[in-house]
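This report concerns only the one structure given below.
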Amino acid sequence: MSIKILHIDSNNPILWNQLEEAGFENHADFKSSKEEIETKIHDYNGIVIRSRFKIDKTFLDAATKLQFISRVGAGLESIDCEYASSKGIHLIAAPEGNRNAVAEHSLGVILSLFNNLNQADAEVKAGQWNRESNRGHELDLKTVGIIGYGNMGKAFAKKLKGFDTEVLCYDILDNVGDENAKQVSLAELQEKTDVLSLHLPWTPETDKMVNKGFIEAFKKPFWIINTSRGKNIVTADLVEAMKAKKVLGAGLDVLEYEKLSFETLFQDKNTPEAFQYLLEAKNVLLTPHIAGWTFESHERLAQVIVDKIKAVYNK
């Protein structure tokens with residue numbers, strides 16, 4: 001019996017083609033609503049998603065033949081994982097696929113912030129030659145704190161090996177430190193860190209984790225990089241800390257406002273006050289959730305998902 005797979009988001013052709021070659025039956029529906037797909041999901045054994053909608057209990061109850069859910073990305077927060085697991089559904093993600101892209105992006109953001117690259121570029125293009133106001137910082141001899149030491153955190157720590165930095169990591173799991181980062185308590189990380197980089201999933205435990213109290217617990221003023229999930233930071237508290245010079249700069253690839261008001265985010269009447277500050281601040285670098293979004297990771301993510309689906313069926 002053929003294994004029928006529904007693809008509800010477009011991906012690299014590797015994914016479709018290799019599954020077809022392995023004997024799976026592919027079907028695509030990139031436009032139907034969640035409710036419309038719920039009416040036919042009972043026909044499918046597998047589903048391949050990115051982030052178009054949430055896979056909740058209602059959806060899972062309709063998916064009576066579903067054997068696996070594959071998300072072409074690092075996280076599974078758009079899926080009710082506990083309920084899916086209770087139904088014996090395999091959950092597949094691909095953090096291995098874009099960890100290198102995230103690591104390189106994180107490093108690029110730090111170096112750009114330290115050297116005022118965006119500001120300097122804009123000023124020179126505007127006919128200004130301001131050297132002193134663009135004097136930079138060096139990453140050497142700084143302490144980098146990484147919170148979340150899984151695929152992304154480990155890949156980022158590896159990139160830092162070329163610098164003379166102390167790299168610390170904090171994670172809820174024990175014994176995850178390695179030759180690239182020393183695992184420490186959160187208190188020690190907050191005491192020593194000059195640059196904080198977040199590599200966390202979005203869970204009830206990490207939601208709004210970086211708030212006023214969390215920031216105030218840092219002994220020194222610090223820079224912050226977030227390539228994980230926007231809702232892990234309370235933006236208003238971050239802005240307050242930046243105004244107080246407790247946070248020296250921020251590189252944010254993800255925003256608290258994603259998936260809520262993003263369609264109207266850039267209309268002045270709807271722009272949150274804290275976000276307006278980020279838009280205007282010279283020591284802030286914003287990117288549109290692209291840290292893991294490279295041409296290479298696009299291909300690699302697809303390959304990881306193919307390999308994991310095949311492994312479920314020993315193909």
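- Using a 3.5 Å distance cut-off with no hydrogens or angles, the side chains of E21 and N17 do not pair a donor with an acceptor.
- Residue A94 comes nearest to K308 through the heavy atom pair CA-NZ, 4.4 Å, listed as atom of the first residue, atom of the second, then distance.
- Side-chain contact between H7 and N26 is present, with heavy atoms from C-beta onward closer than 4.5 Å.
- Ion pair E240/K243 not flagged as a salt bridge, since none of the NZ, NE, NH1 or NH2 atoms sits closer than 4.0 Å to an Asp/Glu carboxylate oxygen.
- With 3.5 Å as the limit, one finds no donor-acceptor pair spanning the side chains of E299 and Q303.
- Linking ILVMFWY side-chain heavy atoms closer than 4.5 Å, directly or via other members, places L107 and W223 in a single hydrophobic cluster.
- Between N98 and A74, the shortest heavy-atom distance links the atoms OD1-CB, 4.1 Å.
- Y149 has its ring centre no less than 6.0 Å from the ring centre of H199.
- Between the side chains of D29 and S32, at least one donor N or O lies within less than 3.5 Å of an accepting N or O.
- Ion pair E188/K192 flagged as a salt bridge, since at least one NZ, NE, NH1 or NH2 atom sits closer than 4.0 Å to an Asp/Glu carboxylate oxygen.
- A side-chain N or O of Q119 and one of N134 form a donor-acceptor pair less than 3.5 Å apart.
- Between D56 and K34 a salt bridge is recorded (basic side-chain N to carboxylate O distance below 4.0 Å).
- Taking 4.0 Å as the cut-off between side-chain N and carboxylate O, R229 and E77 count as a salt-bridged pair.
- Here K87 pairs with D61 in a salt bridge; the nearest charged N to carboxylate O distance falls below 4.0 Å.
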